[in-house]
Structures are given as structure tokens and as C-alpha cells.
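This structure is a prediction, so every number in the text was calculated from the model and none was measured.
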Amino acid sequence: MSKLTTGSFSIEDLQSVQITIENIVGAAKEAADEKEAGPMGPSPFPGLETYRDDWNLKLLDRYEPVVTPMCDQCCYCTYGPCDLSNNKRGACGIDQLGHNGREFFLRVITGTACHAAHGRHLLDHLIDTFGEDLPLDLGDSNVLTPNVTIATGLRPKTLGEIKPAMEFVEEQLTQLLATIHAGQESAEIDYDSKALFSGSLDHVGMEISDVVQIAAYDFPKGDPEAPLVEIGMGTIDKEKPFLCVIGHNVAGVTYMMDYMEDHELTDKMEIAGLCCTAIDLTRYKEADRRPPYAKVIGSMSKELKVIRSGMPDVIVVDEQCVRGDVVAEAQKLKIPVIASNAKIMYGLPNRDEQDVDATIEELKSGAIPGAVILDYEKLGEISVRLTEEMHEIRKAEGFRDIPSDEELKAWVDKCADCGACYGACPIELDIPEAMKFAKEGDYSYLENLHDACIGCRRCEQVCRKDIPILSVIEKASQKLIAEERGWMRAGRGQVTDAEIRAEGLNLVMGTTPGIIAIIGCPNYIDGSKDVYYIAEEFLKRNYIVVVTGCGAMDIGMYKDEDGKTLYERFPGGFECGGLANIGSCVSNAHITGAAEKVAAIFAQRTLEGNLAEIADYTLTRVGACGLAWGAFSQKASSIGTGCNILGVPAVLGAHSSKYRRALIAKNYDESKWKVYDARNGNEMLIPPAPEFLLTTAETWQEALPMMAKACIRPSDNNMGRSIKLTHWMELHQKYLGERPKDWWKFVRSEADIPLAKRAELMKILEAEHGWEIDWKRKKIISGPKIKFDVSAQPTNLKRLCKEV
Amino acid sequence: MVDTTKNTRLFTTYGVSTSRAINPNMAAKMISKAKRPLLVVGAGVLNPELLDRAVAIAQKANLPIAATGSSLPGFVDKDVDANYINLHQLGFYLTDPDWPGLDGKGNYDTIIVLAFKRYYINQVLSGTRNFSKVKAISIDRNYIQNATMSFGNLSKEDHYAALDELIGYL
């Protein structure tokens, strides 16, 4: 019997009949089975248990879960609330560790679900629009979907062929969500293992989201010279109507841009965005590097600030990282809000069925504060036409004016210096002090708060004098805001196979000191300039710096003394000293993808169904470290955890201690720092780096040496180790005031020691650590515990060793 | 008359149990009673007003310093025993009885914390509070719930005065 396949076919003798088979039950697994002809690892289509013993528990043995509960209590089921302090067990039997493992895990699967749902929405919409056969044209690469391939063994070539991977993520998410139920999993370590698995699924979901939009929307395809895009609140021309889009899913925005282009409005109005929708709208149709007209305003912390500026004439929201008070705030300034994605509908009436003109009239009149419009054709037309009309109305009624100097003074004078705002501010800004100086006529202290302020308005809610404190800060920073104009390179998409071939050897040998990935949200400790400083320092030191999301935006906001941003100063390739803006949040999959491609392309490892081996390769050989300096969201926790399972450590800002779970190794416990040599299965000692998979730092100055140290890998050759030690030790000296105390633990022979200080450091090894030195030959005779063997093959997986 | 207001103990704990609010004299007593004390100082100490006082506390009570974040440069030319360690890492190591400490002589029984963002130190101390016996004494400007004992919320000026008092008691 012949087998059915997806596709269309006609039946002979029957006129005008065409049958289309869209999906076949079980096709995904079958497709994977058919791949048996090619190489396949042990874990295609993994389940909750698949990576646990083979990989996750090994990882968690060295990188131990560090639990810091937010609360003593568990109020999860009706047995409670229960007091779990000091690791007590609740009425259901779960202890404090288990409950907090569940809390962290819940964040990770939430983030995973967000990206997966985003991917599902895009995939369905794009298949509807372009058909299943649209090829995944992602530029000049053979390895298109490394995360999908690792998870499923599949190498999809069209939109339709991605569906099995999408279904796989959805099924596993359901399984994972089920474990949250009371009376299910209770062991902290197993929640961590499940969180790691969820993290790996997150990178599959993100990869799907980004590859389908790159292919269908003609985004830059691995293009190091993607065009520069204007960024910042100061880039918006106040005289033009302004359509402001907020969120992460660009599907609806493409209809607005098409409408603007069809009606020749691109130079007559502004379209600009906040959060990743902004990044992706500046990638739309940019594969041929046309001059961009859409702009980026900035990250989530700018949402209320932009609304309060009165500039937007219409706001369209889609999904993820959109503030819950957009409608309430917009309404005060007569800005209609359109909800364009079913994930956020704000309680607004749905106007999909209504005539376009009638909806425009209804919104113009203010009869409703906004509407849900999920029909993209209507959305495109309504949002653009409404923006033009609202502009005139709002201008005439004074809603586009910012507060006057007199109003500012009156607000400041009302302050009673009670200090409640300081207590409420999540960033701990000294608002009372700034108010005190403002009362005396010095507004500079208020102005200094602008960058660090995340625009949350918790201060306003506790102010007993009802002072609109956020508006006070923004009014006082008016000049600063007008000057907020920078450049960001449009998201380029994947790292190409050719780039990996050029860099692979250098990365594995360590002569390229590392990949630094700056990602994530704007919940910074002390303002956005921190990420600029970190990026600049690593770029000047020839690290490969890759960026995405809010991090990619914020580093573009600052200029050097010649008025140039980092994107203008450094090339956009995946190369030493390159600054590659990969794209939006979902483009983070291409960062893990780059590390995976080093294993696949440079080292010829099998990707298919082979997560543990690829992750093991990354952890032992590819020096990379992520930085999510302002991580705030659940998505950030799933992105980071996905990096972790794939062997990439990440440093987060201090706020991220509130995720409640870190992964930190005991650098003093020598039993944890051993791997096998795959040539013979013998144990080999490795240096204590990376010391963590997920942890926090207190200041950007501290993060720099931490990250440089976290790029050290057992596979570094002498020159590579020497280069990495040079950077780490220099950064430690520069920012922490002295040489690190444990540098000697990373020295295997004299050739590992930083060249410029070799003699001085060898004297220290002799005097302080008792190492024996032959000074005539300038060689270390004895001392190092770790021996260097250029052909050793470090692995954490005994099954990969020969003769076992 | 029955006093119906007398016993308001909750049948279960809500939120987080809170640290005991203390005065400088009590903080000094706790520091002097400690067998293995460690002064843990955050990056906020680079404010000269705090740095001088942190140095004075370390010198007077003979406390080793864990200089977290990027605070170490403040202590480099001062006559104190200061070592860099990451705060999150320190919080974890404090829960391990086998940690050799910053000097190789073993873990600590009391930490005294100063110059942190309140949300950060509070979160890290929730680990030591729940999973170790280490006592944490916060002498910071903000009331730190997860410490064992803590100063209350203070203005900058009152905080400096409180630290001066503490130094006097040591």
C-alpha cells in the first residue's frame, strides 16, 4: 500500500477535485525515523527524563542550585498557606528548596511558552500568507536550524517542514506544565533538570520564531552590513503624526508598514517602536539594505516615558513586555490604543467585524479608549489613518504639549520630603534628595535620575501629595531626552557557516578570547550606560560581541568623543572585535546556534538528536559568556537557562537575584573540577572556570572580570590561555584594584602565563606557591596540578570515551 | 474584662519573618561575641563617608573584609585584610560548612553587611537565613528583612551617626 504524504493531488477521472493533506498524525516522529540513514544522536524528540541522567545531573553536580527564596510561605494549594522557612515542609510535603525550585521552573516554562506561542502565531500566520512551501532562505548557510536539529533530528527547509518541531515543543511544554501541579514533582534538583530541558525547548521556539520571519519578511540574512537604524526618543520628529508600536510580535506591524508604503506616507509620518517589535520592524524588507524609515525608541523602561511625552498619536500593542497601564495612561492624553494580538486585549471591545471608517470615527471621538483589532488588513489601514487624524485633533487640543516650567515648579514645591518614594523605588533612586535640590532651583539631580529610572511609577502611587513624579523627572530631563539619538545596526540574523569556519579554530584554541553575548531587558542596577561600557571594553579587547533585544538597543544610545556609536566604530560581523546585532529576543537562538555550529561545522559533531554531546563540547571548548544585565522577565530566565544547558554561562544584574535560583560551582572543591579524556577515558583535571552557569554581579565593573574569567576553557592552547589570562587579569586589576588571587590555578606551563608579565609572575609562582622554576631555560619544572596536552579531548560524558 | 487584643499570633506565617531591629550598641555586642566574624561590604562603600567608617569598623573590631562587587579598590591602600568575592557566590559558600573561607581557616559564624542595594543583599541573605546557621547583622541604611538583626530605615545623616556610635562601642 502506498503511503500518504502531505501536499496536494488530483484524482483521475474526477474533474475539479483537488485534495490537500496538510498534516498527518505522527508524521513528525516518522520523519525523524526516516533520518536514520544519516547520523543521529541518542536523544531525538526528548521527553522530561531524556537529558536528566546523561547530562543535566552532571551539570548540576558541578553547578549547584543556589536557592534564595522570595518568601517563607507557600500559598500554592488550599492546604496552605504553609510556612516553609528553614526548609520546613508544607502540608503537601514539599520543602522550601523544592517549592523554590518549582518557582524558578515556573518562570522558565512561562518564558518558553511565550516564545513558543510567538513562534506558533508567526508560523501559522506566515503559512496562511505565503504557503507551506516557502523556502527557509536564511542566507548562505547549510546549517539553518541548529536548535531544531539538536532537539528533533530534523533539518527543515520550508515553513511547512517546521511544523513537527513546533508541535514537539508544544507537547513537551504541556508535559512540563503538568509537573507544577500540587503533589507532583517535589525534588528541587529535578525541577532544575526540568528547567534546563525547558530552556533547551525555549531556544527551539525562539529559533522557529526568528527563522520563519527572516524567510518570509525578507529580514537581513546573516548580513554583517545590515543598515544602521535611528534609535532614541530624540529621533522622533514632533511635527509629524506618530504611530507608536509596543511589544514583540511584528506580524501586525508589517501591515502598517505596507499601508504606509502603498500610500507613500513613509516620509510624512513616524513609525517607531519599543521593545523587540521595534527591532523587528527595522529588519522588515531590509535584506537588500534599503534606507530604513522605521525607528527604534528603546526598551520597555521607555514605555511610560514615551506616553507621558504626549508624542504618540496612536499606540498599537502586540504581545510580551507590554505594560499593564498603557490604556489608562494613554487615555489621559487622548491616545487611542489598539490591541493587535489576542494575548493582550486589555478589556477593550473587538472591532474586527466593524467597517474601517466606523471604527476610525469611534476611536477618534473618544467613545472607546481603544479597540481590539486582530484582522491585520484592517489593522494596517486603521492604525495609519487614525494616526494621521489623531495628530491634528491632539495638537489642536494641546495633548502633544509637555508640561510647562511653571507646572514643574508647582509640583516640586508640593513635596513634603516624606521619603515614601525612596522606599517604593525598585532602583532605590534618591528622589527625595533630587526634589530637595529642585526646590532650591537645581534640577540637575532630577535630570540625573532619568536614565536609571525604569519608568514604573511606583513612586507616584505612594506619593501623599499626588505629585506625578515620573513626569517631574521627565520634564526636568527634557533637554537630555531631545539629545537621545543614537544608531543601532538592524538585526542581522544568524551567524553564517562561513563565519563559523573562519572563527571555529580560534575559539576552540582560545586565541579568540571569547564570545560575549549581551542580551536582555532594561532592569539595570544603575542605568543603561553600564552595558555600553561592558561592550566597549570587550570590543577593544577583540572579543566577539553579539547582542540582541534591549541590550542591542541600549548600547547604541551612547557615543564616543567623536560622536560615534559602537555600531559605527566596530564591524557587524561575527569576528574578533566585531559587534554583531543578531536581532530581537527570539534571535537569541542564533547565539546558542553559533556555539552549536562551532561543534557541528568546525568539529564535525552530529547535531541531530545530540544535545548532551554538543553542550559538552561547548562547555569544555567554546569560550562564551552571556550578560543579561537588566534581565527582568520570565523570558530572560528561559533564555538564560537554555544557554546554561548548552554549556554557556551567564552573568545577570543584581535585580536578577530575584529569580531565586542561581547555578554556582564550589571553586574550592577539587573533586568537582575533573573531566574525562575522550581518547582513553582517563580522568583529567580542569581549571575552575567557568565558576558559574547563572549568577549575578553587583556592578558593571565586577561583571567585566567575571565574564572574562568565564571564557576560560580546558581546551585552550598555550597561546589561547595566555591571551585569556591576560584579559582577565588586566580587567581584574583595572576594575577591582588588584591582580586576582587565583590566577595561578589556570597555569599549566610557562607558555600559559601572560607574555608581558611572564618573568614577574614566574617569580610569584616560585616565591608564593613553591613552584620549581628553571630560570636559565625560563621553564616551570614542577608545580602545576593540571598538565597541558595539546591533543587531549576533554569531555564530561564517559560514554564518549574510547575503551570504556 | 477580657483582653481580646493580647494574643494575635497567626496560625501560619504570612510573607517573610522579619529581622530584629537593633541599635548600634547591640550590633557592637553581636560583633564582639562572634567567633568567626566577617565584614561583608558592597560597592556602595566607595562613597567616602562609608569607606572611612567601614575601615574604622574593620580595624577596631579586627574584622576581615569580604569586598564584594567592585568595592575592593577602596581598600587597596588601607591597612585592612580585604579580599574580593562575588556576593552571590559568598552567600552560597556561607551555607557550606566545608567552605575554607577567605583565609583557609574555615567558614564564618557571623557576617556584618554594609553598603548594598537593599534588594540584592536581602535576596542573598534569604539563602543564608533559610539554609545555614550564619548570623547576619545589617548595619546598612535600609532595614534588611532577611538579616538576623538589622538597623531600621535611616536617613543618610542618621546612618553615618549610627555607624559612628557603633565604632565607639567596639
Side-chain angles (χ1 to χ4, degrees), chain A residues 64 66-73 75 80-88 96-97 100 419 422-423 426-428 430 432-433 525-526 652-660 662 664-669 691-692 695-706 732 735-738 740-741, chain B residues 10-18 42-44 46 67-77 82-93 95-96 98-102 104 115-133 141-143 146 153 155-156:
Chain A
E64 297 182 44
V66 179
V67 174
T68 52
M70 184 68 74
C71 176
D72 289 349
Q73 185 195 123
C75 51
C82 297
D83 172 17
L84 305 182
S85 59
N86 304 311
N87 209 23
K88 285 198 271 294
Q96 169 107 321
L97 283 169
N100 279 277
Y422 169 72
I427 310 291
E428 301 176 29
D430 203 335
E433 183 186 55
I525 301 162
D526 194 24
L652 314 180
H655 283 289
S656 299
S657 56
K658 292 174 247 177
Y659 284 126
R660 307 152 216 208
I664 303 175
K666 290 173 177 164
N667 58 13
Y668 50 89
D669 182 351
E691 284 179 312
F692 53 84
T695 193
T696 59
E698 206 172 319
T699 60
W700 65 268
Q701 293 94 334
E702 182 189 19
L704 274 162
M706 278 172 80
H732 206 284
Y735 292 105
L736 303 184
E738 64 175 29
K741 293 219 160 63
Chain B
L10 296 166
F11 70 91
T12 185
T13 308
Y14 283 87
V16 181
S17 56
T18 51
L46 296 176
T68 72
S70 46
S71 66
L72 188 62
F75 297 109
V76 165
D77 54 353
N83 281 285
Y84 162 73
I85 186 167
N86 169 269
L87 181 68
H88 215 140
Q89 189 178 28
L90 172 66
F92 173 43
Y93 291 178
T95 66
D96 177 10
D98 296 330
W99 180 43
L102 295 168
F116 287 100
K117 292 280 184 187
R118 62 176 175 242
Y119 61 83
Y120 192 34
I121 190 70
N122 196 49
Q123 203 60 38
V124 169
L125 291 182
S126 85
T128 57
R129 183 168 73 82
N130 283 293
F131 307 115
S132 82
K133 293 199 159 65
R141 183 189 162 187
N142 304 299
Y143 178 58
N146 283 323
N153 293 312
S155 69
K156 274 185 190 166

- Task: Indicate yes or no: does B:K117 engage A:E698 in a salt bridge with an N to O separation below 4.0 Å.
- Result: no
- Query: Relative to chain A, which of B:G69, B:G127, B:G74 shows the most heavy atom pairs under 4.5 Å?
  - Reply: B:G69
- B:Y120 and A:T696: side-chain donor and acceptor closer than 3.5 Å? yes
- Message: Under 4.5 Å from any heavy atom of chain A, what part of B:D98 do you find: side chain, backbone, both or neither?
- Response: backbone
- Query: Any idea which heavy atoms bring B:S126 and A:P69 closest together, and the distance?
  - Reply: OG-O, 2.8 Å
- Task: Mind checking the CD-CG spacing from A:E738 to B:N83? Nearest 0.5 Å is all I need.
- Result: 7.0 Å
- Message: Looking only at side-chain N and O atoms, does A:D72 offer a donor or acceptor that is under 3.5 Å from a partner on B:S17?
- Response: yes
- Task: Find out whether A:Y735 and B:S70 are in side-chain contact, i.e. whether some heavy atom of one side chain is under 4.5 Å from a heavy atom of the other.
- Result: no
- Count the heavy-atom pairs under 4.5 Å between each of A:G423, A:G419, A:C75 and chain B, then report the option with the highest count. A:G423
- Query: Does A:K741 NZ have over 12 foreign heavy atoms under 6.0 Å away?
  - Reply: yes
- A:E702 and B:Y84 side chains, donor-acceptor separation under 3.5 Å: yes
- Tell me, for B:F131 versus chain A, whether the close heavy atoms (under 4.5 Å) come from the side chain, the backbone, both or neither. side chain
- Top contributor to chain A contacts, counting heavy-atom pairs under 4.5 Å, from B:N146, B:L87, B:D96, B:V76: B:D96
- Which portion of A:P426 sits near chain B, non-hydrogen atoms under 4.5 angstrom: backbone
- Task: Could you tell me whether the side chain of B:Q89 reaches within less than 4.5 Å of the side chain of A:F692, counting heavy atoms only?
- Result: no
- Task: For the pair A:I525 and B:Y119, evaluate side chain to side chain contact (heavy atoms under 4.5 Å, CB included) and give the outcome as yes or no after the intermediate values.
- Result: CA-CA 10 Å; A:I525 301 162; B:Y119 61 83; 3.8 Å; yes
- Side chain, backbone, both or neither of A:A703 within contact of chain B (heavy atoms, under 4.5 Å): neither
- Message: Is A:N100 close to chain B through its backbone or its side chain, or both, or neither, when contacts mean heavy atoms under 4.5 Å?
- Response: neither
- Task: Answer yes or no: is there a side-chain heavy-atom contact under 4.5 Å between A:T695 and B:N86?
- Result: yes
- Counting heavy-atom pairs under 4.5 Å to chain B, which of A:P740, A:P705, A:A697 comes out on top? A:A697
- Who wins among A:L97, A:N667, A:D669, A:I427 for the most heavy-atom pairs under 4.5 Å with chain B? A:N667
- Heavy atoms, side chains only, cut-off 4.5 Å: are A:H655 and B:Q123 in contact? no
- Item | pair A:Y422-B:N142: side-chain heavy atoms closer than 4.5 Å | yes
- Message: A:S657 vs B:H88, test: side chain to side chain contact (heavy atoms under 4.5 Å, CB included). Steps then yes/no.
- Response: CA-CA 8 Å; A:S657 56; B:H88 215 140; 4.2 Å; yes
- Query: Under 3.5 Å, side chain of B:R129 to main-chain N/O of A:T68, donor-acceptor pair present?
  - Reply: no
- For chain B, the option from A:H732, A:Q96, A:Q701 that forms the most heavy-atom pairs under 4.5 Å: A:Q96
- Query: With a 4.5 angstrom heavy-atom cut-off, which part of A:M706 approaches chain B: side chain, backbone, both or neither?
  - Reply: side chain
- May I ask you to name which of A:L736, A:V66, A:T699, A:V67 has the most heavy-atom pairs under 4.5 Å with chain B? A:L736
